[in-house]
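Take a look at the structure below.
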Amino acid sequence: SAAAATQTLRAALAGKQIEVLSYAFVCDAASTVTFKSNSTSISGGMSIAANGGVSADGEGQGLMITAVGEALTITNSAGNIAGHITYRIV
């Protein structure tokens, strides 16, 4: 769960990348949600209506990946989001 702001989903690991394999989340207010590598966007901004959500599954393939040594973060513009992610360290 995360409030409106940028939140760390997975802390950085020296010399490693974080690859997102799947995600699902819902928003309690209209919001734009973006996955980031530290502060650099690695997904497009996803506009979600109040009480709406989105999910994606790469079926074992990566959907997005952080830069080496950077944290996986998420930014939402309003309200709260709740959900889950599946990732691997590469």
Exercise for the section: Kindly work out whether a path of hydrophobic side-chain contacts (I/L/V/M/F/W/Y, heavy atoms less than 4.5 Å apart) joins V54 to M64. Expected result: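 Yes, it is one cluster - the side chains of V54 and M64 are joined through contacts under 4.5 Å.
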First locate atom [atom1] of [X], then atom [atom2] of [Y], and finally report the distance between them rounded to the nearest 0.5 Å.
{"X": "S37", "Y": "L72", "atom1": "OG", "atom2": "CG", "result": "8.0 Å"}
{"X": "I81", "Y": "Q7", "atom1": "CD1", "atom2": "CD", "result": "8.0 Å"}
{"X": "I74", "Y": "T6", "atom1": "CD1", "atom2": "OG1", "result": "9.5 Å"}

Taking only distance into account, with no hydrogens and no angle test, what donor-acceptor pairs under 3.5 Å do side-chain atoms of residues 14-29 form with protein atoms, sequence neighbours excluded?
from	atom 1	to	atom 2	distance (Å)
Q17	NE2	T66	O	2.8
E19	OE1	R88	NE	2.7
E19	OE1	R88	NH2	3.2
S22	OG	T86	OG1	3.0
D28	OD1	N80	N	2.7
D28	OD2	N80	ND2	3.2

Solution key, residues 39-49 side-chain donor-acceptor pairs under 3.5 Å, sequence neighbours excluded:
from	atom 1	to	atom 2	distance (Å)
S43	OG	F35	N	2.9

Exercise for the section: Identify the two heavy atoms, one from S77 and one from S31, that lie closest to each other, and give their separation to 0.1 Å. Expected result: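 That closest heavy-atom pairing would be N-OG, 3.1 Å.
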Exercise for the section: If you link ILVMFWY side chains whenever their heavy atoms are less than 4.5 Å apart, which other residues fall into the same cluster as V90? By chain and number, please. Expected result: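 Members alongside V90: I65.
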